[in-house]
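Take a look at the structure below.
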Amino acid sequence: MLRLGDYNTLRIVKSVDFGLYLDGGEEGEILLPQRYVTNNMHIDDEIEVFIYLDQEERPVATTEHPIAKVGEFACLEVAWVNQFGAFLKWGLMKDLFCPFREQKKRMEQGQHHIIYIKVDEDSYRLMATAKVEKYIQTPDLADLPDLGHGTAVDLLVWQKTDLGFKCIVNNRFQGQIYDNQIFQPLHSGDRITAYVDHVRQDGKIDLTLQPTGRQHTLDFAEVLLRYLYENDGFCNLGDKSPAELIYDRFQVSKKAYKKAVGDLYRRRLITISDEGIKLI
């Protein structure tokens, strides 16, 4: 079955002056326009293409890769607006439509918005919606093994809150990074890697920007030890140093820094004073 707004592997059945026709099954033959045809494409070859709708709302194939596909969230720029809604840049020749009814506030040209891509059930057209809350899932028992403490996840930074930032985790779940875990600039639309702290009872996921656990402490402890060897055995950052200074120098949180200092101290490799730490 042809998957609209997604990648499909289709067989080449015919060559014409303006492109190639691909076997779309029940949808009939799908055109791959000539601009996407390469010399290594031949009749009966199977090729991976993205299927969307052309200006006449007919399925058409492309070898281009959009920013996101159906069932995914993305941050897209508004290309233009007309009396029906907004049209968003998503990496294909035809912009993605977001009708006014699917907007939280009126979109304007040049703005960026977090949206979800879907197929409209009534019109069978590809569509964006800014009402992303409706499409965020709650983890169930089957998901929990993949969301264990310290697990790396993909994030789309969603919106600023009084507590930090809401995020969309692995293109499915809602997460939160709290202000005291943020040691780098974050903006709505950023895509980053983060780490699971824990899954709350309400299904939302608390996140950190750095790996957690004993192994991360040991790894950074070795980085800090090497820094001491290379800097006359001294580091002028201690318990009272601002978290921003620690992050600027080592790209770790103050909590991670203090854990590594404690590890080196227990191994009798350093001394600690108000001025900082010193290699023994």
Side-chain angles (χ1 to χ4, degrees), residues 5-6 66-77 88 90-91 96 98 102-105 107 111-118 127-217 219-220 243-244 246-248 250-259:
D6 204 340
I67 295 172
K69 61 183 183 178
V70 164
E72 293 184 346
F73 301 87
C75 182
L76 301 182
E77 181 183 352
L88 313 177
W90 67 320
L96 182 65
C98 183
E102 296 293 341
Q103 300 176 22
K104 287 179 159 181
K105 62 178 182 178
M107 295 180 176
Q111 292 179 341
H112 288 77
H113 293 270
I114 303 293
I115 56 89
Y116 177 82
I117 303 176
K118 64 176 184 173
M127 181 181 297
T129 175
K131 299 176 181 179
V132 297
E133 293 90 344
K134 294 168 57 178
Y135 302 95
I136 291 176
Q137 303 172 30
T138 300
D140 58 28
L141 290 176
D143 298 312
L144 295 183
D146 296 327
L147 297 171
H149 177 75
T151 301
V153 292
D154 294 322
L155 287 195
L156 174 61
V157 179
W158 180 7
Q159 59 185 217
K160 185 74 175 75
T161 71
D162 291 339
L163 300 176
F165 278 92
K166 284 184 183 179
C167 301
I168 298 171
V169 180
N170 285 350
N171 212 51
R172 295 176 63 191
F173 311 118
Q174 181 173 327
Q176 176 83 36
I177 300 178
Y178 294 97
D179 280 332
N180 64 0
Q181 293 288 341
I182 298 173
F183 302 99
Q184 65 189 65
L186 284 186
H187 307 92
S188 178
D190 287 350
R191 287 193 178 273
I192 59 174
T193 298
Y195 303 87
V196 175
D197 187 6
H198 72 280
V199 180
R200 292 163 22 193
Q201 291 285 357
D202 61 4
K204 296 181 176 63
I205 303 167
D206 289 342
L207 303 153
T208 67
L209 293 182
Q210 294 162 335
T212 60
R214 177 65 176 162
Q215 186 57 50
H216 177 56
T217 298
D219 290 345
F220 177 63
E244 292 79 9
I246 293 172
Y247 184 80
D248 286 344
F250 294 111
Q251 285 73 56
V252 300
S253 67
K254 186 171 182 176
K255 182 178 179 181
Y257 180 80
K258 291 172 67 174
K259 283 185 176 181

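- The salt bridge (Lys or Arg N to Asp or Glu O under 4.0 Å) pairs that include a residue from residues 137-159 are D143-R172, where partners are two or more places apart or lie in different chains.
- Rounded to the nearest 0.5 Å, atoms CG (D206) and CD1 (I177) are 10.0 Å apart.
- Rounding to the nearest 0.5 angstrom, the gap separating the NZ atom in K104 from the SG atom in C98 is 11.5 Å.
- Nearest heavy-atom pair across A128 and L96 is CB-CD2, 3.7 Å.
- Residues that satisfy the side-chain contact (heavy atoms from CB on, under 4.5 Å) test with T161, not counting sequence neighbours, are L163, K166, Q176.
- K254 meets the salt bridge (charged side-chain N to carboxylate O under 4.0 Å, His left out) test with no other residue; sequence neighbours excluded.
- Between F165 and D190 the shortest side-chain heavy-atom distance does not fall below 4.5 Å.
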Could you go through the side-chain contact (heavy atoms from CB on, under 4.5 Å) check for L156 and R191 one step at a time? CA-CA 5 Å; L156 174 61; R191 287 193 178 273; 4.0 Å; yes

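- In this pair, Y116 and Y135 present their aromatic rings parallel. The plane angle is below 30°, not in the 30 to 60° band.
- In plain terms, the two heavy atoms of L155 and C167 that are nearest each other are CD1-SG, 3.8 Å.
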Please report the C-alpha distance between V70 and D6 in whole Å, then the side-chain angles of each, then the deciding distance to 0.1 Å, and finally whether the side-chain contact (heavy atoms from CB on, under 4.5 Å) criterion is met. CA-CA 6 Å; V70 164; D6 204 340; 5.5 Å; no

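- For the residue pair N171 and G71, the shortest heavy atom distance occurs at ND2-O, 3.2 Å.
- One distance of note links OG1 of T129 with NZ of K131; it measures 6.5 Å at 0.5 Å rounding.
- Residues I136 and Q174 come closest through the heavy atom pair CG2-N, 3.5 Å.
- Considering I168, V157, L76 in turn, I168 is the only one that fulfils the side-chain contact (heavy atoms from CB on, under 4.5 Å) rule with I114.
- P185 and H187 make their closest contact through CB-CE1, 4.0 Å (heavy atoms, listed as atom of the first residue, atom of the second, distance).
- Remark: M127 CE to I115 CD1 distance equals 12.0 Å, nearest 0.5 Å.
- Taken from NZ in K134 to NZ in K118, the straight-line distance is 5.0 Å, to the nearest 0.5 Å.
- Within the model, atoms CD1 of I117 and CD of E72 stand 7.0 Å from one another, a figure rounded to the nearest 0.5 Å.
- Contact record, K160 with D179: NZ-OD1, 3.5 Å, taken as the closest heavy-atom pair.
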Pair F173-V153, side-chain contact (heavy atoms from CB on, under 4.5 Å): steps then yes or no: CA-CA 11 Å; F173 311 118; V153 292; over 6 Å; no

